[in-house]
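Have a look at the structure below, then the notes.
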Amino acid sequence: MEQTRAGGDVLLSARDLTVQFPSQHGAVTAVDEVSFDIRAGEVISLVGESGCGKSTLGRAIIGLLPNSAKITGSLTYKGTELVGLDQGKLTQYRGTEMSMIFQEPMSSLNPVFRIGDQLAEAIQIRRARKRDKPGNRSVKEEVLEYLGQVKINDPGNVIDRYPHELSGGMRQRTMIAMSLAQRPSLLIADEPTTALDVTTQAQILSLMSELTREYDMSLLFITHDLGVAGMIASRIVVIYAGEIVEDSPVDGVFTETLHPYTKGLMASAPSAFKGGKRIEAIRGSMPNPAQTIVGCKFHERCPYVMDRCVKTKPRLLDHGKDRMVRCFLYDS
Ligand code: SF4
């Protein structure tokens with residue numbers, strides 16, 4: 001399923017992107033000066049534990065954060081700056097240029113409308129926004145086509161069913177169909193397979209990989225499981241406590257894991273489980289995002305911690321071969 005890194009133009013570019021939320025104890029930094037690019041046709045996995053900021057970053061990109069969120073830095077999409085853009089203009093990007101699917105499709109599907117009607121609405125919105133000329137194709141024909149694309153059996157029957165009548169896998173396929181119906185250039189998928197059984201998870205990953213190529217979309221795949229990330233992406237960006245700690249082509253991460261946190265994720269990934277070998281947890285827990293940390297944010301959990309790690313914050317270093325790492329172990 002792995003894809004080679006696309007050499008297309010930069011589609012989305014984040015520079016020093018920071019997201020903060022107000023709290024009783026002051027500003028909580030969920031995303032901390034993140035910089036990365038997504039190229040046209042590229043599949044990137046954003047990996048980290050729960051609470052590391054990866055979902056907040058995905059929502060910041062598509063503009064789904066609450067109004068209380070303070071976003072600073074730069075986020076450009078096809079050259080247009082999105083930070084500070086008013087909601088009206090942002091809506092032009094959300095759902096047409098970019099689309100997002102979530103872990104639990106029931107939170108996005110409307111329980112009181114039939115699948116066919118919800119998909120038809122998505123198609124009609126796209127046709128209106130993009131001024132699509134569908135030729136002689138009816139909306140219903142397009143609905144059936146998209147359900148077929150996501151490999152739903154008997155789409156003619158499924159269009160008349162309500163979301164609760166479908167299995168978890170079929171609901172997630174429906175959500176993917178609704179996203180495809182928008183013809184986005186960038187799809188953001190936030191833990192889309194986490195709630196599924198292993199077999200369905202593999203099928204959905206394979207489907208997403210296939211459709212990304214077929215529709216020439218870029219994909220930002222958010223997951224806590226490094227093994228799953230490696231199955232779908234060409235590049236892996238590891239995020240810890242809101243900061244990027246490693247950014248590398250997928251092969252590099254698995255053949256020579258650099259950052260101690262990435263090593264911990266590797267050892268604890270459920271998909272990396274091999275019979276007889278223990279899955280090891282990373283000791284300790286993520287620091288409180290309201291707390292100001294001097295030094296490396298991972299130092300309290302790191303087995304390689306040195307004096308300087310406690311006193312000085314490491315920079316994201318260029319490690320060569322298109323790899324970046326934030327760790328003093330690689331600072332010569
Ligand atoms: Fe560990 Fe130090 Fe590297 Fe941080 S900078 S990951 S504490 S070795």
Side-chain angles (χ1 to χ4, degrees), residues 14-20 26-37 44-58 73 221-230 233 235-272 277-332:
R15 291 290 174 269
D16 297 327
L17 190 73
T18 299
V19 180
Q20 292 182 311
V28 169
T29 304
V31 175
D32 196 357
E33 298 187 349
V34 159
S35 299
F36 73 111
D37 295 330
I44 293 183
S45 271
L46 198 56
V47 187
E49 289 165 284
S50 297
C52 70
K54 57 191 190 306
S55 295
T56 304
L57 179 54
F221 190 91
I222 298 171
T223 178
H224 64 279
D225 189 328
L226 200 51
V228 168
R235 193 152 69 93
I236 289 181
V237 176
V238 182
I239 186 163
Y240 182 76
E243 285 181 340
I244 291 178
V245 294
E246 186 162 353
D247 179 343
S248 169
V250 72
D251 288 348
V253 174
F254 288 94
T255 53
E256 188 204 0
T257 315
L258 297 177
H259 198 279
Y261 178 59
T262 317
K263 289 179 184 172
L265 286 178
M266 190 85 81
S268 62
S271 56
K277 199 174 163 208
R278 275 179 77 90
I279 293 180
E280 288 174 35
I282 304 172
R283 66 175 184 175
S285 54
M286 195 104 59
N288 180 345
Q291 190 189 335
T292 304
I293 295 170
V294 181
C296 171
K297 288 187 177 180
F298 190 58
H299 78 256
E300 287 188 353
R301 306 175 76 186
C302 182
Y304 307 95
V305 63
M306 304 169 277
D307 281 350
R308 68 188 294 205
C309 308
V310 181
K311 296 175 193 148
T312 315
K313 178 177 167 148
R315 289 178 301 117
L316 200 55
L317 301 165
D318 185 344
H319 190 68
K321 297 184 183 165
D322 201 18
R323 306 189 68 180
M324 305 285 283
V325 62
R326 187 187 298 277
C327 178
F328 288 128
L329 292 172
Y330 305 95
D331 186 2
S332 54

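Both counts, for ligands and for their atoms, begin at 1 and track the order of listing. One-based numbering along the sequence shown.
Taking the six-membered ring for Trp and thresholds of 30 and 60 degrees, Phe298 and Tyr261 have ring planes more than 60 degrees apart, a perpendicular arrangement.
Glu33 meets the salt bridge (Lys or Arg N to Asp or Glu O under 4.0 Å) test with no other residue; sequence neighbours excluded.
Looking only at protein N/O/S atoms, the ones less than 2.8 Å from atom 4 (Fe) of ligand 1 make 1 in total.
Salt bridge status for Lys321 with Glu256: absent, with no side-chain N to carboxylate O gap under 4.0 Å. Using a 4.0 Å cut-off between a side-chain N of Lys or Arg and a carboxylate O of Asp or Glu, Arg308 and Asp331 qualify as a salt bridge. Under the 4.0 Å criterion applied to side-chain N and carboxylate O atoms, Asp247 and Arg326 are not assigned as salt-bridge partners.
With 3.5 Å as the limit, one finds no donor-acceptor pair spanning the side chains of Arg323 and Tyr330.
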